[in-house]
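In what follows, every heavy atom counts, from backbone to side chain, and hydrogens, waters and symmetry copies are set aside.
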Amino acid sequence: MSSEHLLGTSIPRFTYDTPTSPGNDFYALCEGQQPLVLIFLPGFDHPVTREYITRYLRTLPQLEQARLACVVRSSAKMVSTATHGAQFPFPVICDAAGVLYSYLGVEQTQGLLSWSFAAQRIYKSARDAGYHYDRSAPQLLPLTLVVGHMGKVLFTHSGRSQTDLPEDCAAVRDIALEVTQTLAAQQSGTASDCSDQILTLPDLVGWEEDFPSRQDPKA
């Protein structure tokens, strides 16, 4: 299933929680001169999530002319407890119920089908550190979006493996710069038709019928 149907659509306005701040306005997060790179990961305690968030933290100085936010399938309380209430230098959006994941059609695959060589190395390191996992369990695949003013989706990439996402903040920056250059070349000045209604994450479930179909007609 392709995520290309998301291009040009607008995510409805909603509020979200981070590990240290509840009730944040998603449209306020979208504002800024640089597009927002939004990366969907598994739960915060998942080895792939821990690996990539650690990489983003380590390479943060490379995040020039770009902004980053990560979405995790964990509660704000769980992440706050795991990090002892530490403040992240970029937003970590907590969606334990997976409402955004469902709304945007984040895909999952069964077991080893999603295991790239990089993922295997990450799991091995996690296993050596005492992490236990079900090799046959379905795994969420990453989704990378670039989002602009009022939640407009400017770029989308559905990962084909668990590690098919920006490698570090330099890669995040490169994606944002490419989108910025494309927008500058195609700027039309057309007004957005986004809604001003503010929802919470659970409210997005009720908008599902109004969103473009996620079914691939060739499937």
Side-chain angles (χ1 to χ4, degrees), residues 3 6 9-32 34-57 60 63 66-80 82-83 86-108 114 138-148 150-159 161-169 171-172 175-176 179 198-205 207-208 211 214:
S3 62
L6 294 172
T9 64
S10 292
I11 302 171
R13 191 176 192 175
F14 64 90
T15 58
Y16 64 90
D17 295 343
T18 71
T20 56
S21 176
N24 301 279
D25 183 354
F26 177 65
Y27 276 13
L29 178 62
C30 294
E31 293 301 318
Q34 295 91 26
L36 173 71
V37 181
L38 195 61
I39 300 176
F40 287 76
L41 296 162
F44 186 77
D45 59 347
H46 192 283
V48 171
T49 301
R50 290 296 186 98
E51 171 69 21
Y52 278 84
I53 286 184
T54 299
R55 291 185 188 184
Y56 298 147
L57 291 170
L60 196 62
L63 193 65
R67 295 183 297 136
L68 169 67
C70 292
V71 187
V72 297
R73 278 214 59 174
S74 299
S75 69
K77 182 178 180 180
M78 177 270 174
V79 179
S80 179
T83 58
Q87 183 77 43
F88 283 88
F90 49 79
V92 174
I93 297 174
C94 297
D95 181 15
V99 175
L100 276 175
Y101 291 77
S102 176
Y103 185 85
L104 296 171
V106 176
E107 300 178 53
Q108 66 177 14
S114 66
Q139 297 290 332
L140 282 170
L141 295 175
L143 173 67
T144 302
L145 302 178
V146 178
V147 183
M150 297 182 74
K152 186 171 183 179
V153 178
L154 308 172
F155 168 90
T156 177
H157 176 71
S158 290
S161 74
Q162 293 182 60
T163 55
D164 186 7
L165 69 159
E167 188 79 7
D168 51 26
C169 283
V172 172
I175 291 171
V179 170
I198 301 179
L199 309 172
T200 62
L201 277 182
D203 291 330
L204 285 178
V205 175
W207 285 64
E208 190 162 340
F211 205 67
R214 299 178 183 82

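- Here the closest non-hydrogen pair linking Cys94 and Pro19 is SG-CD, 3.9 Å.
- Listed for the Thr54 side chain is a donor-acceptor partner under 3.5 Å among the backbone atoms of Arg50.
- Defined by atom type and a distance below 3.5 Å, a donor-acceptor pair is missing between the side-chain atoms of His46 and Glu51.
- In this structure, the side chains of Tyr56 and Cys70 come closer than 4.5 Å at one or more pairs of heavy atoms.
- With values rounded to the nearest 0.5 angstrom, Leu57 atom CG is found 11.0 Å from Leu63 atom CG.
- With hydrogens and angles ignored, the 3.5 Å screen pairs no side-chain donor or acceptor of Ser74 with any backbone N or O of Gly43.
- With a 4.5 Å cut-off on side-chain heavy atoms, Leu145 and Leu154 do not count as touching.
- Residues Ser158 and Leu143 share a closest heavy-atom pair of OG-CD1, 3.6 Å.
- No donor-acceptor pair closer than 3.5 Å links the side chain of Asp25 to the backbone N or O of Thr15.
- Contact check for Asn24 versus Thr18: side-chain heavy atoms found under the 4.5 Å cut-off.
- For the residue pair Arg67 and Leu29, the shortest heavy atom distance occurs at NH1-O, 2.6 Å.
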Exercise. With side chain to side chain contact (heavy atoms under 4.5 Å, CB included) as the test, would you mind laying out the steps for Val172 and Ile39 before giving the verdict?
Key: CA-CA 9 Å; Val172 172; Ile39 300 176; 4.1 Å; yes
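- One finds the CG atom of Leu165 at 8.0 Å from the CZ atom of Arg55 (value rounded to the nearest 0.5 Å).
- No salt bridge links Asp95 with Arg73; every basic N to acidic carboxylate O contact stays at or beyond 4.0 Å.
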Practice problem: Report the C-alpha distance between Gln139 and Gln108 in whole Å, list the side-chain angles of each, state the deciding distance to 0.1 Å, and finish with yes or no for side chain to side chain contact (heavy atoms under 4.5 Å, CB included). | Solution: CA-CA 5 Å; Gln139 297 290 332; Gln108 66 177 14; 6.0 Å; no
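- Using a 4.5 Å heavy-atom threshold, the side chains of Val72 and Val79 count as touching.
- At a threshold of 4.5 Å between non-hydrogen side-chain atoms, the residues Val92 and Phe90 count as touching.
- Residues that satisfy the salt bridge (Lys or Arg N to Asp or Glu O under 4.0 Å) test with Glu31, not counting sequence neighbours, are absent from this structure.
- With rounding to the nearest 0.5 Å, the separation of OH in Tyr52 from CD in Gln162 is 10.0 Å.
- Checking side-chain atoms of Ser80 against main-chain N and O of Thr20 turns up no donor-acceptor pair under 3.5 Å.
- Side chain of Thr9 to backbone of Leu6: a donor-acceptor contact under 3.5 angstrom is found.
- Between Val71 and Leu41 there is no side-chain heavy-atom pair separated by less than 4.5 Å.
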Practice problem: Decide yes or no on side chain to side chain contact (heavy atoms under 4.5 Å, CB included) for Val146 and Ile175, but give the supporting numbers first. | Solution: CA-CA 8 Å; Val146 178; Ile175 291 171; 3.6 Å; yes
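- Leu140 is listed as a side-chain neighbour of Tyr101, based on a closest heavy-atom distance under 4.5 Å.
- The two residues Met78 and Phe44 make their nearest non-hydrogen contact at SD-CB, 4.1 Å.
- Between Tyr16 and Phe26, the ring-plane angle classifies as perpendicular under the 30° and 60° cut-offs.
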Exercise. Give the C-alpha distance, both sets of side-chain angles, the deciding distance and a yes or no for side chain to side chain contact (heavy atoms under 4.5 Å, CB included) between Leu100 and Phe14.
Key: CA-CA 10 Å; Leu100 276 175; Phe14 64 90; 3.8 Å; yes
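- Side chains of Ser161 and Asp164: no donor on one and acceptor on the other come within 3.5 Å.
- Side-chain contact between Ile53 and Phe88 is present, with at least one heavy-atom pair separated by less than 4.5 Å.
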